[in-house]
Visitor: 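Okay, here's the structure, questions in a sec.
We're numbering straight along the sequence, starting at 1.
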Amino acid sequence: MLKVFIKHPGKLGYTAVIKDELKEMQELVGGYIETVRFLPDGLTIVCNEEGRLIPLERNILDIYGTFFIVGVEGDEFRSLTVAEARFCELLLNGEAA
């Protein structure tokens, strides 16, 4: 299981726990997954690799469709820490967090 921060287009993001399985990740983003390195180190965005082509609704920056943020250690995903989840809330939800 992985603790992640999920962001749907036009909605506030939230922290959730998902299975650490490719199929579940693909279902969440609506297709094949792509990772986008995210600051600070240790965090990455996982999104639909064809989101812009399909086209899915624009979310933030150049990310289309639902995405989630997860921790990364080496080549493996890991759960977000409490501090990382709070960072994502403040960054993506602003004062609504």
Visitor: Without swapping roles, check the side chain of N48 against the backbone of G65 for a donor-acceptor pair under 3.5 Å.
Guide: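 No, N48 side chain to G65 backbone: no donor-acceptor pair under 3.5 Å.
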Visitor: Enter the distance from Q26:CD to E21:CD here, rounded to the nearest 0.5 Å.
Guide: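 Q26 CD to E21 CD: 11.5 Å, rounded to 0.5 Å.
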Visitor: To check you understand the geometry: which heavy-atom pair defines the closest contact between C47 and F67, and what is its length?
Guide: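 The pair with the smallest heavy-atom distance is CB-CB, 3.9 Å.
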Visitor: Nearest 0.5 angstrom please: E57 CD to I63 CD1, how far?
Guide: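 Rounded to the nearest 0.5 Å, the CD-CD1 separation comes out at 14.0 Å.
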Visitor: Please check if L91 and Y14 belong to a single hydrophobic cluster, counting links between Ile, Leu, Val, Met, Phe, Trp and Tyr side chain heavy atoms closer than 4.5 Å.
Guide: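 No; Y14 is not reachable from L91 via cluster members.
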Visitor: Looking only at heavy atoms, which two atoms of L80 and F5 are closest? And how far apart?
Guide: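 Taking every non-hydrogen atom into account, CD1-N, 3.5 Å.
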Visitor: Is a donor on one side and an acceptor on the other found under 3.5 Å between the side chain of E84 and the backbone of T81?
Guide: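 Pair found, side chain donor or acceptor close to backbone of T81.
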Visitor: For the backbone of V36 and the side chain of T44, can you confirm whether one donor and one acceptor N or O come within less than 3.5 Å of each other?
Guide: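 Indeed, once roles are kept as given, a pair shorter than 3.5 Å links the two residues.
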Visitor: Would you find a donor on one side and an acceptor on the other, under 3.5 Å apart, between the side chain of D20 and the backbone of L2?
Guide: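 No, because the side chain of D20 does not come within donor-acceptor range (under 3.5 Å) of the backbone of L2.
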Visitor: For A85 and K3, which heavy atoms make the closest approach, and how far apart are they?
Guide: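 Looking at all heavy atoms of both residues, the shortest contact is CB-CE, 4.2 Å.
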Visitor: Can you measure from CZ (F77) to CD1 (I33) and round to the nearest 0.5 angstrom?
Guide: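 Result: 5.0 Å between the selected atoms.
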Visitor: Enter the distance from L43:CG to I69:CD1 here, rounded to the nearest 0.5 Å.
Guide: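 The CD1 atom of I69 is 7.0 Å from CG of L43, to the nearest 0.5 Å.
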Visitor: Heavy-atom distance under 4.5 Å between the side chains of F68 and I18, does that happen here?
Guide: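 Side chain of F68 against side chain of I18, heavy atoms only: contact under 4.5 Å found.
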Visitor: Check E89 with K7, please: is the shortest side-chain N to carboxylate O separation under 4.0 Å?
Guide: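 Salt bridge between K7 and E89, a charged N being under 4.0 Å from a carboxylate O: no.
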Visitor: Under the side-chain contact (heavy atoms from CB on, under 4.5 Å) test against I6, which residue among V29, V46, T66 passes?
Guide: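 Considering V29, V46, T66, a side-chain contact (heavy atoms from CB on, under 4.5 Å) with I6 is found only for T66.
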Visitor: Decide yes or no on side chain to side chain contact (heavy atoms under 4.5 Å, CB included) for R52 and D62, but give the supporting numbers first.
Guide: CA-CA 8 Å; R52 188 177 201 172; D62 204 25; 3.0 Å; yes
